[in-house]
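Let me begin by presenting the structure, written as structure tokens, before commenting on it.
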Amino acid sequence: MSNQVNEFAFKIATPNGTGSASANSLIMQTIFRMGIPVTGKNLFPSNIQGLPTWYEIRVNKDGYTARTPIFDMMVAMNSATYEKDIQEVRSGGWLVYDSTWPLDERLRRHDINFIGVPLAEMCASAFRGVRERILMKNIAYAGALAALLGMDTDIIRALTKEKYSKKQSLLESNDRAIDLGFNYVKDNYACPLPIQLETMDATKDCILIDGNTSASLGCVFAGATVGAWYPITPSTSMMEGFKGFCQKYRRDPETKKNRYVILQAEDELAAIGMVIGASWAGARAFTPTSGPGISLMNEFLGLAYYAEVPAVIFDVQRTGPSTGMPTRTQQGDLMLCAYASHGDTKHICLYPSDPREAFEFAVAAFDLAERFQSPVMVLTDLDIGMNDWMIPKLTWDDSYRPDRGKVLSAAELDDLKSFSRYLDVDADGIPYRSLPGVHPKGAYFTRGSGHNKFGGYTEDGDEYQEVLDRIARKIQSAALAVPAPIVHRRAGAKLGLVTVGGCHAACKEALDLMAADGTPIDYMRVRGFPFGDEVRDFLESHETNYIVEQNRDGQLRSLLTLETGVPKSKTESILYYAGFPMSAHHVISGVQKTARRAS
Amino acid sequence: MSYIAKPKVHHPSLRKNALGLTRRDYEGAITTLCAGCGHDSVTAAIVQAFWDLDIEPYKVAKLSGIGCSSKTPAYFLREAHGFNSVHGRMPAIATGAGAANRDLILIGISGDGDSLSIGLGQLCHAIRRNVNLLYVLENNGVYGLTKGQFSASADHGSTSKKGEINGMNAIDSALLAISLGATFVARSFSGDKAQLVPLLKAGLAHKGLAFIDVISPCVTFNDHEGSTKGYAYTREHQIELVQADYVPEHSEITTDYEPGSVKNVLLHDGSTLRLRKVAEEYDPTDRDRAYALIRERQRLGEVATGLLYISPDAPDMIEQSEAIAEPVYNQPFENLCPGSAELEKLQLRFR
Ligand SMILES: Cc1ncc(C[n+]2csc(CCOP(=O)(O)OP(=O)(O)O)c2C)c(N)n1
Ligand code: SF4
Ligand SMILES: [Mg+2]
């Protein structure tokens, strides 16, 4: 059998809460530093300790990062899921297990190779205390994998040294555990296996980062000063990230005081209210949340829309409806976010596809919110937010200055004869704003009740409608300001494929595979809402457009047909909403299925 | 219908404050509440308090939820920004605004429906955070704007206009505030300007959340026999515990007080709150005593009014957040953005 160099996938099964994260990131980082493209997907339960967890690592020399459904190797560290885990290995693949206990013969498969490593036994004699033994067992399997896959041991040493530079005893334990696994495997099996790593040079300008971290960094770089939140998976680490970066970058060097305020609210209603209050008073303010939080925020979002107050909301989507599966991914809030709240509303939405765009769109969100004086939703998902992605390094243009929108300064107000909050002075649908505490002439009464263009209370139908119609024009004009769709046309393509957000990785791979197979398909990834003409033109230029997304009801498809007027009959849904990241296989089989139906 | 702007006619004989402003300059649009509504009297007391304190109106942000009471920020301080938000959520707006700009003088107006039902959680947490806010709860025991349903402050056994008897116990907002650790708790009556104005002034000078529950009768739905928050009932059963006189730091204290019955409380801005004990020996800095006293009076069918509790030195929200002394909202961008070199350096962490 030929070797699979830098092109394979393996999976590590552990019980939740046993500390496998540091072993898994050690493996990921080693492969990454060997210059080989790698992605990791953490499939974890909604539980603190005990339930099964899997970590999937895909190594791909061509740089494809989507989830793969085929696993060449399984590291089965969780006896509770042995049976299922063993079944998941492809025929001819490998299973690594802890041979401290004999394997139940009924589980043995004859078409795969079993690699037993007495991890628990080795760690029991090498380490003291239950805790250290359990933790080091994980590091020991990392050592075993290092030998089996041919990892660069110098890189592993360098990584543990960096990580434990201040904790000598931990460094020693880690190195010892790595050696245990490594040497045992070397002595007992032919290493490396046919699935193996070979140093490349494809990650030099890249980083490994999750989208919550990069989005929070975007908030820091954009100059956000107020963050309000209520903890919810999978968004929680975003505020933790923001706090960490602020402690590093936002302390006044002299007074040691903070140039930011973080408010842990009592619920998401309060969190969005705080963001609206802070933005109204002139701060760049944001809240990270997930679907249940957006549901609670609805009333306030309508207020911000109608009273024209900026707000930035990050929705790290998870599966719904209701509590759903909190630790699983989905794109189930596309509709909710686009039209959140009662009455006629429509919100500017941004759809990053990976952590790099999460960083960039976080910055864009503040500019758009202040420019259009309206809520802006940034929709990521659990996969983007919590998994480590290999992305090109983040870059920053030091000439960037925030677009604070039409906010009148004290001097400008002073020069004005009079100020009216909702007058369309520039005929672009965007009125001028004033901040409290700045100048007597700036005073106005912000309200969610009917108001006329001067800001006065009204129950006059014409006055009311005039304002509402202007707001509609204003939001529609944002279609030109949100990130443009990415369109990639292929020669000879008759079909179109449209997607959003994190499905990009799977779509890109699927389209390449299908093109190589003789079916070129045009591609569009929408990145912002409201949609511009380009989106409609793309849909119109194909008889059939596949709409690929991760929800049951085809929400992107509905949005596209609702907003562009393109008939639904020109679109076909390809849906995957089981809660895991999509793979190219889902896209290809979706295309094939509809093609079969059509013929 | 547009809102009615009040003609701003200056009467030459109107007295001016230190800023050269008359009380008219602290007024707002003409009220659209029912004639005789207690809320309008509270508005008048607020106008008086701001005028007395020589506060520049534009430095104030006046916030509210939804209800008849929550409409009233439109009726005072026309030169201040107002925010009539959503039902029960004024505290969140105040918290955010205060976080962004710590120099804003925040006054929040709410009703008993707004604060004790839909917004009970937000009230509690604003108190816990000690947001620097004067929180005025205009308490009439009913939902005025939705036409007379019992609110959570309606007393057990009181009757509605339609004759229904309330069988549930009332939430006493002052007891609630004290038990939550509020740093300033007072109760007054809309018809008692002499008591209310000094309390409002003291509340404005207080650093942190100053909570004032003002019994403010709804003449349309809750001023009949059987209601316990009507004019007649309240006048009869109001027991003044403590009379507060607020003395700004720059004025001399000239008034004479009866010896042995005056307590001075120093507020954070250097001004003094003089408390005259008219009822009995009462120490408003003793939290347990305050709680007990409200309960004792309640049992007698009386309403204890005045400054019930104060803790002038507790850190407010913004101090707890360790924020810089200046507002964060207009920090220069250079102070906020780490820049490309830092980004480059930081990313070594992600390799
Ligand atoms: C979410 C929501 N639910 C219900 C209402 C209807 N509503 C408006 S005011 C009000 C009660 C107001 O009572 P209170 O706060 O005591 O004010 P009052 O009118 O008595 O001064 C209600 C229930 C609303 N505006 N919003
Ligand atoms: S209904 Fe009651 S609370 Fe509302 S304005 Fe009239 S008197 Fe005041
Ligand atoms: Mg009421």
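Residue numbering restarts at 1 for every chain, and letters A, B, ... go by the order of the sequence lines.
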Does any heavy atom of chain B fall under 4.5 Å from the side chain of [X], the backbone, both, or neither of them?
{"X": "A:L394", "value": "both"}
{"X": "A:L208", "value": "both"}
{"X": "A:A228", "value": "neither"}
{"X": "A:K204", "value": "backbone"}
{"X": "A:S279", "value": "neither"}
{"X": "A:Q29", "value": "side chain"}
{"X": "A:E254", "value": "neither"}
{"X": "A:Y444", "value": "both"}
{"X": "A:K441", "value": "neither"}
{"X": "A:R33", "value": "side chain"}
{"X": "A:R251", "value": "neither"}

Practice problem: Kindly indicate, with the supporting measurements, whether the criterion salt bridge (Lys or Arg N to Asp or Glu O under 4.0 Å) is fulfilled by B:R23 and B:D52. | Solution: CA-CA 9 Å; B:R23 241 165 306 175; B:D52 280 353; over 6 Å; no

Quiz item: Taking it one step at a time, do A:E266 and B:R129 satisfy salt bridge (Lys or Arg N to Asp or Glu O under 4.0 Å)?
Solution: CA-CA 11 Å; A:E266 54 271 32; B:R129 284 188 192 96; 2.7 Å; yes

For the candidates [options], which exhibits the highest count of non-hydrogen atom pairs separated by less than 4.5 Å from chain B?
{"options": "A:D398, A:I276, A:I272", "value": "A:D398"}
{"options": "A:G448, A:A224, A:G442", "value": "A:G442"}
{"options": "A:S449, A:A283, A:G302", "value": "A:A283"}
{"options": "A:T225, A:T255, A:I262, A:D388", "value": "A:T225"}
{"options": "A:D252, A:V226, A:L435", "value": "A:L435"}
{"options": "A:L159, A:V261, A:N258", "value": "A:N258"}

Give, as side chain, backbone, both or neither, the part of [X] having an atom under 4.5 angstrom from any heavy atom of chain A.
{"X": "B:I318", "result": "side chain"}
{"X": "B:I324", "result": "both"}
{"X": "B:A80", "result": "backbone"}
{"X": "B:M317", "result": "side chain"}
{"X": "B:N335", "result": "both"}
{"X": "B:Q331", "result": "side chain"}
{"X": "B:Q320", "result": "neither"}
{"X": "B:P91", "result": "neither"}
{"X": "B:R128", "result": "neither"}
{"X": "B:E342", "result": "both"}
{"X": "B:L77", "result": "neither"}

Quiz item: So among B:T32, B:D40, B:T31, which one has a side chain to side chain donor-acceptor pair (under 3.5 Å) with B:Y75?
Solution: B:T32

Exercise. Search all heavy atoms of B:L104 against all heavy atoms of B:A97 and return the closest pair with its distance.
Key: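 B:L104 and B:A97 have their closest heavy atoms at CD1-O, 4.1 Å.
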
Go through [options] and name the one with the most non-hydrogen pairs under 4.5 angstrom from chain A.
{"options": "B:H125, B:H87, B:R349, B:Q347", "answer": "B:Q347"}
{"options": "B:A99, B:A61, B:S85, B:P338", "answer": "B:P338"}
{"options": "B:E56, B:Q122, B:K62", "answer": "B:Q122"}
{"options": "B:P327, B:A323, B:A341", "answer": "B:A323"}
{"options": "B:R89, B:R351, B:K59, B:E326", "answer": "B:R351"}
{"options": "B:D103, B:I93, B:N330, B:V60", "answer": "B:I93"}

Quiz item: Would you call the rings of A:W280 and B:H81 parallel, tilted or perpendicular, where under 30° means parallel and over 60° means perpendicular?
Solution: perpendicular

Exercise. Take the angle between the ring planes of B:Y58 and A:H439 and call it parallel below 30°, perpendicular above 60°, tilted in between.
Key: tilted

Please report the interatomic distance [atom1]([X]) to [atom2]([Y]), rounded to the nearest 0.5 Å.
{"X": "B:M90", "Y": "B:D114", "atom1": "CE", "atom2": "CG", "result": "7.0 Å"}
{"X": "A:Y260", "Y": "A:Y249", "atom1": "OH", "atom2": "OH", "result": "13.5 Å"}
{"X": "A:Y457", "Y": "A:Y464", "atom1": "OH", "atom2": "OH", "result": "12.5 Å"}
{"X": "A:F359", "Y": "B:L343", "atom1": "CZ", "atom2": "CG", "result": "5.0 Å"}
{"X": "B:I55", "Y": "B:L204", "atom1": "CD1", "atom2": "CG", "result": "5.0 Å"}
{"X": "A:F32", "Y": "A:T203", "atom1": "CZ", "atom2": "OG1", "result": "4.5 Å"}

Self-check item: Evaluation steps, side chain to side chain donor-acceptor pair (under 3.5 Å), between B:S69 and B:E138
Solution: CA-CA 6 Å; B:S69 36; B:E138 301 184 355; 4.9 Å; no

Self-check item: Pair A:F445 and A:H451, ring centroids less than 6.0 Å apart
Solution: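 No, they do not, as the ring centres are separated by 6.0 Å or more.
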
Exercise. May I ask you to check whether B:F333 and A:Y400 place their ring centers less than 6.0 Å from one another?
Key: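 Here the rings of A:Y400 and B:F333 have centres that are less than 6.0 Å from each other.
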
Quiz item: So which of B:I109, B:L63, B:N84 actually passes side chain to side chain contact (heavy atoms under 4.5 Å, CB included) with B:S70?
Solution: B:N84

Self-check item: Stepwise side chain to side chain donor-acceptor pair (under 3.5 Å) check, A:Y306 with A:S341
Solution: CA-CA 11 Å; A:Y306 186 37; A:S341 206; over 6 Å; no

Practice problem: Please determine if A:R284 and A:E370 form a salt bridge, counting it only when a charged side-chain N lies under 4.0 Å from a carboxylate O. | Solution: yes

Practice problem: Indicate yes or no: does B:E344 engage A:K393 in a salt bridge with an N to O separation below 4.0 Å. | Solution: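 Salt bridge between B:E344 and A:K393, a charged N being under 4.0 Å from a carboxylate O: yes.
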
